[in-house]
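For reference, the structure discussed in these notes is given below.
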There are 2 protein chains.
Amino acid sequence: MSKRTNSAKRQLILDEAAKLFKLKGFGGTSMRDLAAQVGMEAASMYNHIKSKDEILELICFHVSDTYIRQLTEVEQMAATYVEKIRALIGRHIQLMIEDGAAVSVGNNDWKYLTGDTLEAFKTARKRYEKGFAALIEQGIAAGELQPVNVSVALFTILSAVRWVELWYRPGRDVTPEELEENIMTILLNGLAK
Amino acid sequence: MSKRTNSAKRQLILDEAAKLFKLKGFGGTSMRDLAAQVGMEAASMYNHIKSKDEILELICFHVSDTYIRQLTEVEQMAATYVEKIRALIGRHIQLMIEDGAAVSVGNNDWKYLTGDTLEAFKTARKRYEKGFAALIEQGIAAGELQPVNVSVALFTILSAVRWVELWYRPGRDVTPEELEENIMTILLNGLAK
DNA sequence: CCTACCGATCGGTAGG
DNA sequence: CCTACCGATCGGTAGG
């Protein structure tokens, strides 16, 4: 039971850290800020985590692991390339709605990682990008997609979806379903009539 | 002549600051880092700028002023809404190619602004968003655009374009013209055939 | 989980 | 434009 309590505290620290990093950036968040949010002294947090850097690592790799798992799921689907891309974008949006703070850290604060950890994160991200790019490339080759530059299409999609994490709140007048449908319409069918 | 020299140094400080903030974030960049990049001691920079916060302000408002000027230009064009939106997206991409570091700071580090300055920046950004949204809304009303949610379309476009600042380098195998054309195709005509 | 504290580094100033 | 330095705050540790 003490173990369950400890790991709950640890998770609380990670969750609050993600929120603060999103709000003020990794560099703009002090361990004293975080401690106040969690409800303990800064020194006490070191019973649950090793360092400020470890917090950043855990959040970043939680996000990149999730992304890669989603890619693997979609790759194994029996579907057209358009359907696969649609499924991957959908999962992307879903993750932002469910875990926006962590995604924000993985998008913006990963650059504060150092050494091997930084390299490992970059590698994970590149792997995801390559997998996504392959879907687009095959979709073009199969005649399902417009013959655009693959890199441009990839980053336009990944980027187009990013604002959700900054914007979406449960109180919005747009439901997650509408949101997903609207974004999908713009990216796949275009805004113009 | 001494005035010209001084303001050139000041500009150099601002340019190097934008690059460093983009690379390491405002919170992760020290005045000593910046001084080393500029080629003087930290203390000496205070002959050219008032504070670290002033540097951030100058960069952020340079960007927001440019955006608002571009919006005004486009609003005064005699053209269809689709053409206006196309023109505004084009200017957006152009600015990122020409002044990517400053745009990055205006996108990511504005949150380190404080007090009235922070409020003024938020107001400028909101003004730009409202102007852009109005173009989309009128485009839908005129039957030129798909009847999507205006906020979703606005942020999808603004966001879709943001990766250019992270990705574009003169050495890329894509020219600025191709880049613009490809992004425009995806956003306006859609990726799917 | 806290009090007390460490060395390092921060943004910025004084004085020349 | 530099040397020398300020008070404040940083991430983190010792010891209980």
Side-chain angles (χ1 to χ4, degrees), chain A residues 1-21 23-60 105 109-118, chain B residues 1-21 23-60 105 109-118:
Chain A
M1 202 193 94
S2 110
K3 207 161 195 181
R4 184 167 297 153
T5 309
N6 283 344
S7 88
K9 266 275 157 39
R10 184 181 154 92
Q11 194 54 53
L12 177 66
I13 291 171
L14 294 176
D15 290 345
E16 294 302 324
K19 285 188 217 165
L20 281 179
F21 293 170
L23 209 63
K24 313 202 285 178
F26 179 77
T29 303
S30 73
M31 292 299 274
R32 284 155 180 84
D33 288 339
L34 177 54
Q37 201 67 29
V38 172
M40 54 174 75
E41 292 301 315
S44 305
M45 288 193 298
Y46 290 88
N47 292 304
H48 301 288
I49 49 95
K50 269 191 255 177
S51 64
K52 191 184 180 190
D53 287 338
E54 193 204 33
I55 294 176
L56 181 62
E57 269 179 53
L58 289 169
I59 297 171
C60 287
V105 174
D109 293 311
W110 62 268
K111 61 185 165 216
Y112 294 100
L113 293 170
T114 53
D116 291 350
T117 312
L118 175 59
Chain B
M1 200 194 97
S2 112
K3 207 159 194 183
R4 183 168 297 151
T5 310
N6 283 345
S7 88
K9 268 274 158 43
R10 184 182 154 92
Q11 193 56 52
L12 178 65
I13 291 171
L14 294 176
D15 290 346
E16 295 301 324
K19 285 187 218 165
L20 281 180
F21 293 169
L23 210 63
K24 312 201 284 178
F26 179 77
T29 303
S30 73
M31 293 299 274
R32 284 155 180 84
D33 287 341
L34 177 54
Q37 200 68 28
V38 171
M40 53 173 75
E41 291 300 316
S44 305
M45 286 192 300
Y46 290 88
N47 292 304
H48 301 288
I49 49 96
K50 269 190 256 178
S51 65
K52 191 185 180 190
D53 287 338
E54 193 204 32
I55 295 177
L56 181 62
E57 270 179 52
L58 289 169
I59 298 171
C60 286
V105 174
D109 292 312
W110 62 269
K111 63 184 163 215
Y112 294 99
L113 294 170
T114 53
D116 292 348
T117 313
L118 176 59

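The sequence lines fix the lettering, A, B, ..., with proteins before strands; numbering per chain opens at 1.
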Rounded at 0.5 Å granularity, tell me how far CG in B:Leu20 sits from CG in B:Asp109.
11.0 Å

Atom NZ of B:Lys52 and atom P of C:dT9 are separated, to the nearest Å, by 15 Å

Output the rounded distance in Å from CZ (A:Arg32) to C1' (C:dA4).
12 Å

Any sub-3.5 Å donor-acceptor pair from A:Asp33's side-chain atoms to A:Ser30's backbone N or O?
yes

Would you kindly give the CE-to-P distance between B:Met31 and C:dA8, to the nearest whole Å?
23 Å

Send over the distance from B:Lys50 NZ to C:dG12 P, rounded to a whole Å.
12 Å

Judged by nearest nucleotide, the residue sitting upstream toward the 5' end of DNA chain D, A:Ala42 or A:Asn47, is A:Ala42

Once you apply the 3.5 Å cut-off to both distances, tell me the Watson-Crick or G-U wobble partner of C:dT9, or none.
D:dA8

Which base sits across from D:dC1 as a Watson-Crick or G-U pair, both distances under 3.5 Å?
C:dG16

CG/A:Leu34 to CD1/A:Ile55 distance, rounded to the nearest 0.5 angstrom?
5.0 Å

Whole angstrom is fine here: how far is it from OH in A:Tyr46 over to C1' in C:dT3?
16 Å

Starting from C1' on D:dC10, measure out to CG on A:Asp33 and report it in whole angstrom.
11 Å

Let me know, please, whether B:Ile49 or A:Gly39 comes out on the 5' side of the other along DNA chain C by nearest nucleotide.
A:Gly39

D:dG11 OP1/OP2 closer than 4.0 Å to side-chain N/O of A:Ser51:
no

Kindly confirm or rule out a cation-pi arrangement of A:Lys52 over A:Phe26, judged by NZ or CZ under 6.0 Å from the six-membered ring centre and within 45° of its axis?
yes

Is the phosphate of C:dT9, meaning OP1 or OP2, less than 4.0 Å from a side-chain N or O of B:Ser30?
no

Please figure out whether B:Glu41 or A:Thr29 has its closest DNA chain D nucleotide nearer the 5' end.
B:Glu41

Counting N and O atoms only, with roles assigned by atom type, does the side chain of B:Arg32 sit under 3.5 Å from a partner on the main chain of B:Ala42, one being a donor and the other an acceptor?
no

Grab the CG-P distance between A:Leu20 and D:dG11 for me, whole Å please.
12 Å

Rounded to the nearest Å, what distance is computed from the CD1 atom of residue A:Ile13 to the P atom of nucleotide D:dG12?
13 Å

